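I have placed the structure first, in the form of C-alpha cells, so that the comments after it can refer back to it.
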Amino acid sequence: MNSTYLLTEIRRNFRAPRFLIFVVAFPVLMFLLQTNVFVKADAPDHAQIAAVIMINMMTFGTFAAANTSGARLALERALGWQRQLRLTPLTGPGYLAGKGLSGMLVGLPALILVPVLAVTVEGVHLDAGGWVRIFAGIWLGTIPLVLLGLLIGQFGTPESMQPISMLVTLGMGFLGGLWIPIEGMPGWLHDVAQIMPTYWVLQLARPAVTTDLVVSLPQAAGVLAAWTVVLGALVIRRYRKDSARV
C-alpha cells in the first residue's frame, strides 16, 4: 500500500465541509444533545447512561466515516480510475487497502472528541482497561463497516451515493442500536438489531460500561469476523469484475 496515496485520501476527506459536519461535528453535537435532554443531571446513574450514549455516538462517527471511502470509490469508478491504475505503480489490492485504511483513520476524530466531552462535561470515568476495550473494540469493529461502504461504492454512482450512504448509515444506525438504546428497544426490534453489524460493534464496547444486554467478547468478535470475511470477498469479487472491463 502506498503511504503517499493513503495520506492524500485522508487529506481529501478532511478538506470536505460535508465530511467535517456529518462525521466530526454531528456525533459530538448529538452526544451533547442526548445527554442533556434525555438524562437528568442529578440522576444517580447519569455517568453510566452518558457512557452508553458515548459509545453509541463514537460508533456512529466511525460508521459515517467508513462510508466516505465508498463515496470516493464510486466517483473514481465513474471517472475510469480503476483502468488508469494499470499505468501506475499502485496495485489493485493497494488501492482497496488504502481506501479501507483511510476509512478507518478518518473516523478517529469522533473516536477521540466524543470521549473527551464525556469525561470533561458528563463526568464519565473508566479504568484504563475499559478505555482500551472501547477504543480498540469500536475502531477494529469498524472494519466490516468500511468494507460495506466499499461494496456500496462499487455498485453506486456519484449521484446516488449520497442518498444511499445516508440511508444506510441512518437506517442501520437506527436498527442497530445507535439511536435507540438497546435497553429501550421492544423485543422485536432487539431481534432485528442483532442482524445489523453495528449492533455487534456496540457489543465489543458496552461491557466496559454496563452489564445490561451484553454478549461475550468472543461472540461479538466472531459475528463481526464473519461479516468481514463475507463483505471482503464480495468487495474483491466486484473489484475484479470491474477491472476486467475494458
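Please read these numbers as outputs of a predicted model, since none were measured by experiment.
For the atom pair OG1 (Thr169) and CZ (Phe60), the distance works out to 6.5 Å, reported to the nearest 0.5 Å. Taken to the nearest 0.5 Å, the CG atom of Leu73 stands 7.0 Å off from the CG atom of Leu96. Taking CE of Met185 as the start and CG of Leu175 as the end, the distance is 7.5 Å to the nearest 0.5 Å. In this structure, Leu145 CG and Trp200 CH2 are separated by 14.0 Å, a value rounded to the nearest 0.5 Å. Put simply, CE on Met57 and CG on Leu33 are 10.0 Å apart, with the number rounded to the nearest 0.5 Å. If you take OG1 on Thr59 and CD1 on Ile55, they are separated by 7.0 Å, rounding to the nearest 0.5 Å.
The local environment of CZ in Phe135 is crowded, with over 12 non-hydrogen atoms from other residues, nucleotides or ligands closer than 6.0 Å.
Both Met166 and Leu150 sit in one connected hydrophobic cluster of ILVMFWY residues. Membership requires side-chain heavy atoms under 4.5 Å apart, directly or through other members. Hydrophobic clustering of Ile, Leu, Val, Met, Phe, Trp and Tyr side chains at less than 4.5 Å, counting indirect connections, unites Val114 with Val121. Linking ILVMFWY side-chain heavy atoms closer than 4.5 Å, directly or via other members, places Leu189 and Met196 in a single hydrophobic cluster.
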> Checking side-chain contact (heavy atoms from CB on, under 4.5 Å) for the pair Leu117/Glu122: CA distance, chi angles, key distance, verdict?
Replying inline: CA-CA 7 Å; Leu117 288 173; Glu122 301 300 333; over 6 Å; no
>> Under the criterion side-chain contact (heavy atoms from CB on, under 4.5 Å), I'd like the reasoning laid out for Thr142 against Phe63: C-alpha separation, chi angles, the key distance, then a yes or no.
In response: CA-CA 7 Å; Thr142 305; Phe63 186 20; over 6 Å; no
>> Show, in sequence, the C-alpha distance, side-chain angles and deciding distance for Ile138 and Leu204, and conclude whether the side-chain contact (heavy atoms from CB on, under 4.5 Å) test is met.
In response: CA-CA 7 Å; Ile138 294 176; Leu204 291 177; over 6 Å; no
>> Checking Arg11 against Leu7 for the side-chain contact (heavy atoms from CB on, under 4.5 Å) test, could you report, in this order, the C-alpha distance in whole Å, the side-chain angles of both residues, the deciding distance, and whether it holds?
In response: CA-CA 6 Å; Arg11 291 193 191 103; Leu7 291 174; 3.9 Å; yes
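The side-chain heavy atoms of Leu213 and Arg206, taken from C-beta on, include a pair separated by under 4.5 Å. Counting only heavy atoms from C-beta outward, the side chains of Arg133 and Leu217 approach each other to under 4.5 Å. With a 4.5 Å cut-off on side-chain heavy atoms, Pro115 and Trp131 count as touching. At a threshold of 4.5 Å between non-hydrogen side-chain atoms, the residues Gln48 and Val124 do not count as touching. By the 4.5 Å heavy-atom criterion applied to side chains, Ile182 and Gln203 are counted as neighbours. Gln219 places a side-chain heavy atom less than 4.5 Å from the side chain of Ser216. Side-chain atoms of Asn56 and Trp179, non-hydrogen and from C-beta on, never get closer than 4.5 Å to each other. In this structure, Met172 and Leu148 have side chains that are in contact, with non-hydrogen atoms separated by less than 4.5 Å.
Partner of Thr62 under the side chain to side chain contact (heavy atoms under 4.5 Å, CB included) criterion, chosen from Leu111, Thr198, Val23: Leu111. Each of Val146, Leu231, Val230 was evaluated against Leu151; a single residue qualifies, Leu231, per the side chain to side chain contact (heavy atoms under 4.5 Å, CB included) test. Residue Leu202 is tested with Val215, Val52, Leu178, Val214 for a side chain to side chain contact (heavy atoms under 4.5 Å, CB included); the sole match is Leu178.
In this structure, Phe26 has its ring center no closer than 6.0 Å to that of Phe31.
Proximity of a side-chain donor or acceptor of Ser165 to a complementary backbone N or O of Gln162 within less than 3.5 Å is not detected. Of the possible polar contacts, none joining the Thr68 side chain to the Ala64 backbone as a donor-acceptor pair under 3.5 Å is found. Side-chain N or O atoms of Trp139 include none that pairs as donor or acceptor with a backbone N or O of Leu108 at under 3.5 Å. Although no hydrogens or angles enter the test, the distance criterion places a donor-acceptor pair under 3.5 Å between the side chain of Asp127 and the main chain of Gly130.
Applying the 4.5 Å side-chain rule to ILVMFWY residues, one finds that Ile21 remains a lone member of its cluster.
Minimum heavy-atom separation, Thr35 to His46: O-CE1, 3.9 Å.
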